Amino acid sequence: MKQYAFSKKYRIQKPNEFSYVFSHGKKFYTKHLTGICVSNDLSYFRFGISIGKKFGDANKRNRFKRLLRESFRTSTFRFLQGKDLVVLPSLKEKILDYQVLKEELNHIMQEMIKK
RNA sequence: AAAGCAAGGGAAGCGAUCGCUUUUAUGUUGAGCAUAAAAGAGGAAAGUCCGGACAUCACAGGACAGGGUGGUGGCUAACGCCCACCAAAAGCAAUUUUAGGGAAAGUGCCACAGAAAACAUACCGCCUGCUUCUGGCAGGUAAGGGUGAAAAGGUGAGGUAAGAGCUCACCGCAGGGGUGGUGACAUCUCUGGCAAGGUAAACCCCACCCGAUGAAAAGUCAAAUAGGGAAGAAAGAGGUUGUCCGCCUCGCCAUUACUUCCGGGUAGACUGCUUGAGCUUUAUGGCAACAUAAAGCCUAGACAAAUGAUCGCUGCUUCUUAUGAAGAACAGAAUCCGGCUUAUUCCUUGCUUUUAGA
RNA sequence: GCUGCAGUAGCUCAGUGGUAGAGCACCUCCUUGGUAAGGAGGGGGUCAUGGGUUCAACCCCCAUCCGCAGCU
């Protein structure tokens with residue numbers, strides 16, 4: 001059961017780490033999401049969400065982050081080593097659907113593995 | 001039944017699996033990790049519109065400037081909130097709303113229209129007299145017409161050359177007195193024939209209140225980096241060599257440099273950080289807001305920011321119907337309280353008006 | 001978390017309580033063989049929204065919505 005754990009250690013939290021990912025990462029696009037990926041020196045996969053004020057209220061932003069976090073937690077691609085991934089929402093089409101977000105996140109991670 | 005007004009309550013419940021944050025306990029350990037238990041968003045957490053607590057800075061006292069409040073009496077830590085009452089306005093009513101002091105302290109403004117918009121005045125009129133007589137001049141008057149949001153109380157009667165509070169009745173207004181009320185004010189009575197518009201959410205006057213900045217406040221530890229202050233050591237020290245001379249390096253007076261300390265403080269970490277004008281129940285005082293007393297309870301503390309996902313059963317609403325389907329709003333703590341405002345869903349109770357029936 | 005500014009025609013902006021305006025743009029006509037330029041005329045406004053004060057509000061007061069900027 002330990003395999004589904006997702007504590008703070010697996011998150012990107014510091015502003016310095018976010019800016020490093022934004023300046024050095026490779027981008028992957030889907031209809032509602034944008035993923036930025038970069039390699040790190042750690043032995044596990046780290047995940048971060050960046051969402052701005054233009055997406056909506058604090059309630060909508062919080063719900064978007066929770067749904068994406070749950071999608072990442074139950075995903076099967078999260079046992080790669082030495083990767084950092086930051087996910088951004090698309091501002092044109094705002095969506096709060098768990099199934100759609102989970103499929104698109106898996107699609108991004110598949111593309112990441114191929115490269 | 002419809003329309004409306006007011007008050008109050010809630011923000012579906014229980015359970016399962018996976019996962020997150022904090023605390024406690026145990027085990028182990030260098031940090032940490034593992035296991036178990038407990039707790040884990042709101043009525044508005046929102047807007048930041050007011051008032052406080054708390055922190056830092058400033059400050060003898062007082063005054064000016066600036067800002068705010070503005071019927072009366074209460075309540076409160078405080079308030080512009082709340083409660084009760086008074087007055088005015090809106091509504092058939094239940095009920096609601098009101099920055100509701102002062103215009104005789106002074107200044108300003110009142111477009112257009114109108115004769116005249118505030119030291120008053122007379123356009124059309126009405127009446128009297130004179131006259132050069134389809135007109136003009138002088139005087140009286142403010143009833144009527146007309147303008148305007150507003151023009152020297154209103155209606156009726158008397159009176160007059162025509163008129164006029166000129167006189168009278170009722171109503172309104174102003175002043176004095178009595179009674180009731182803590183008070184705003186109400187009511188009764190007497191006097192005055194009416195005293196000269198509005199605007200203070202225009203300046204202003206009066207009464208009362210207000211120091212500034214806000215937890216990203218403030219404090220502690222402290223890599224890095226630049227510069228500052230103080231102290232120390234030596235008139236030489238070190239190396240070469242067995243010793244001296246000699247040579248080399250550093251230093252001498254100053255600067256620089258060395259060591260130590262102080263001070264400063266970025267990234268980062270910690271404190272502030274949740275026991276408080278606290279919550280629930282009962283009793284008492286009060287019309288109420290609220291206050292007092294007793295008993296019980298501990299109830300989020302994150303920092304790119306924890307509450308999520310998938311299901312089952314029951315309950316609510318709607319539609320079809322006797323079984324299904326759909327729906328459940330506004331919205332997420334960020335130092336903490338008391339309010340206000342705004343967004344939004346469901347339910348309950350009371351009252352008013354109209355219609356229909358008994 | 002805190003603080004400030006703005007909202008007026010399709011766009012950029014004026015507007016000191018008394019009829020809402022300018023430039024560009026749009027439409028019609030003239031000019032030209034035709035177009036541009038030029039000339040003449042015209043249309044277009046919930047003054048962000050809702051209340052209040054006033055005889056009268058873009059303007060004064062209160063509340064809300066939306067946008068922008070600053071501190072950090």
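Naming convention: chains lettered A, B, ... in sequence-line order (proteins, then strands); numbering from 1 in each chain. These numbers come from a predicted model, not from an experiment.
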Quiz item: Mind checking the C1' distance from B/C20 to B/A300? Whole angstroms is fine.
Solution: 14 Å
Quiz item: Does the aromatic ring of A/Tyr98 sit over the six-membered base ring of B/A309, closer than 5.5 Å centre to centre and tilted less than 30°?
Solution: no
Self-check item: Chi class for B/A45: syn within 90° of 0, otherwise anti
Solution: anti
Practice problem: Quick one: stems involving RNA chain C, counted as three or more successive Watson-Crick or G-U pairs, both distances short of 3.5 Å. | Solution: C:1-5 with C:67-71, C:10-13 with C:21-24, C:26-30 with C:38-42, C:48-52 with C:60-64
Self-check item: Euclidean distance, A/Leu67 CG relative to A/Leu105 CG, rounded to 0.5 Å
Solution: 11.5 Å
Practice problem: Measure the distance from CG on A/Asn62 to C1' on B/G42 and round it to the nearest whole Å. | Solution: 14 Å
Practice problem: Could you tell me the separation between the CG atom of A/Leu68 and the C1' atom of B/C20, rounded to a whole number of Å? | Solution: 16 Å
Quiz item: What distance separates A/Lys102 NZ from A/Glu70 CD, expressed to the nearest 0.5 Å?
Solution: 7.5 Å
Quiz item: Ignoring hydrogens and angles, are the base of B/A41 and the side chain of A/Arg66 linked by a donor-acceptor pair under 3.5 Å?
Solution: yes
For nucleotides 341-346 of chain B, list the nitrogen or oxygen atoms of the protein found under 3.5 Å from its nitrogen or oxygen atoms, one pair per line.
none

Quiz item: Where does the angle between the aromatic ring planes of A/Phe72 and A/Phe47 fall among parallel (under 30°), tilted (30 to 60°) and perpendicular (over 60°)?
Solution: parallel
Quiz prompt | Heavy-atom closest pair, residues A/Leu101 and A/Phe64 | solution = CD2-CE1, 4.2 Å
Quiz item: Of all heavy-atom pairs between A/Gly35 and A/Ile108, which one has the smallest distance, and what is that distance?
Solution: N-CD1, 3.9 Å
Quiz item: Roughly how far apart, to the nearest Å, are C/G15 and C/C60 at atom P?
Solution: 12 Å
Practice problem: Sort out the partner of B/G232 for me: Watson-Crick or G-U wobble, both distances under 3.5 Å, none otherwise. | Solution: B/C258
Quiz item: Whole Å only: how far is the CZ atom of A/Phe72 from the C1' atom of B/A309?
Solution: 16 Å
Quiz item: Which base sits across from B/G301 as a Watson-Crick or G-U pair, both distances under 3.5 Å?
Solution: none
Quiz item: Quantified in whole Å, what is the C1' atom distance between nucleotide C/G4 and nucleotide C/A36?
Solution: 48 Å
Quiz item: Now, which nucleotide makes the Watson-Crick or G-U wobble pair with B/A291, with each of the two distances under 3.5 Å?
Solution: B/U284
Quiz item: Which one, B/A304, B/G308, B/A306, comes nearest to the side chain of A/Arg63?
Solution: B/G308
Practice problem: State, yes or no, whether a side-chain contact exists between A/Phe28 and A/Leu33 at a heavy-atom distance under 4.5 Å. | Solution: no
Practice problem: Record whether the side chain of A/Arg73 comes under 3.5 Å of the base of B/C18 through a donor-acceptor pair of N or O atoms. | Solution: yes
Quiz item: With rounding to whole Å, what would you report as the distance between B/A94 and B/A151 at their C1' atoms?
Solution: 43 Å
Practice problem: Might you point out which heavy atoms bring A/Arg69 and A/Ile49 nearest each other, and give the distance in Å? | Solution: N-CD1, 4.3 Å
Self-check item: Separation between the P atoms of B/U97 and B/A184, rounded to whole Å
Solution: 26 Å
Quiz prompt | Gap in Å between the two C1' atoms, one belonging to B/G148 and one to B/A103, rounded | solution = 23 Å
Exercise. Report the glycosidic orientation of B/U274: syn if within 90° of 0, anti in every other case.
Key: syn
Quiz prompt | G-U wobble or Watson-Crick pairing nucleotide for B/A60 (cut-off 3.5 Å, both distances) | solution = none
Practice problem: Output yes when at least one side-chain N/O atom of A/Lys65 is less than 4.0 Å from OP1 or OP2 of B/A304, else no. | Solution: no
Quiz prompt | Minimum-distance pair of heavy atoms, taken over all atoms of A/Arg46 and A/Arg11 | solution = CD-O, 4.1 Å
Exercise. First locate atom CE of A/Met109, then atom OG of A/Ser71, and finally report the distance between them rounded to the nearest 0.5 Å.
Key: 10.0 Å
Exercise. Check the distance between B/A305's P and A/Ile51's CD1 and give it to me in whole angstrom.
Key: 11 Å
Quiz prompt | A/Ile12 versus A/Asp84, closest heavy-atom pair with distance | solution = CD1-CB, 4.0 Å
Quiz item: Can you check the A/Ile49 CD1 to B/A306 P distance for me, whole Å?
Solution: 10 Å
Exercise. Could you work out the separation of B/C208 and B/C194 based on their P atoms and round it to a whole Å?
Key: 41 Å
Practice problem: Hunt down the Watson-Crick or G-U wobble partner of B/C252, both distances under 3.5 Å, from any strand shown, or write none. | Solution: none
Practice problem: For B/G43, decide between syn and anti, treating a glycosidic angle within 90° of 0 as syn. | Solution: syn
Practice problem: Could you check which nucleotide pairs with B/C14 in any of the strands shown, counting Watson-Crick or G-U wobble with both distances under 3.5 Å? | Solution: B/G312
Quiz prompt | Separation of the P atoms in B/A39 and B/C298, to the nearest angstrom | solution = 12 Å
Quiz prompt | Which residue lies more 5' along RNA chain B, comparing A/Phe18 with A/Leu67 via nearest heavy atoms | solution = A/Phe18
Self-check item: Who pairs with B/A46 - Watson-Crick or G-U, where each distance is under 3.5 Å
Solution: B/U341
Quiz item: What does B/C168 pair with, Watson-Crick or G-U, if both distances are under 3.5 Å?
Solution: B/G156
Quiz item: What is the distance from CG of A/Asp97 to P of B/A309, rounded to the nearest Å?
Solution: 11 Å
Quiz item: For A/Ile12, which contact category applies under a 4.0 Å heavy-atom criterion: base, sugar-phosphate, or nothing?
Solution: sugar-phosphate
Quiz item: Given atom CZ of A/Arg11 and atom P of B/A302, what is their separation to the nearest angstrom?
Solution: 14 Å
Practice problem: Measure the spacing between CD1 of A/Ile113 and NZ of A/Lys83 and express it to the nearest 0.5 Å. | Solution: 9.5 Å
Quiz item: If you look at every heavy atom in A/Pro89 and A/Ile51, which pair is closest and at what distance?
Solution: CG-CG1, 4.0 Å
Quiz item: Are OP1 or OP2 of B/G42 and a side-chain N or O of A/Asn59 less than 4.0 angstrom apart?
Solution: no
Practice problem: On RNA chain B, check which nucleotide each of A/Asp57 and A/Glu70 is closest to and give me the residue with the more 5' one. | Solution: A/Glu70
Practice problem: Take atom NZ of A/Lys102 and atom C1' of B/G308, then tell me their distance rounded to the nearest Å. | Solution: 13 Å
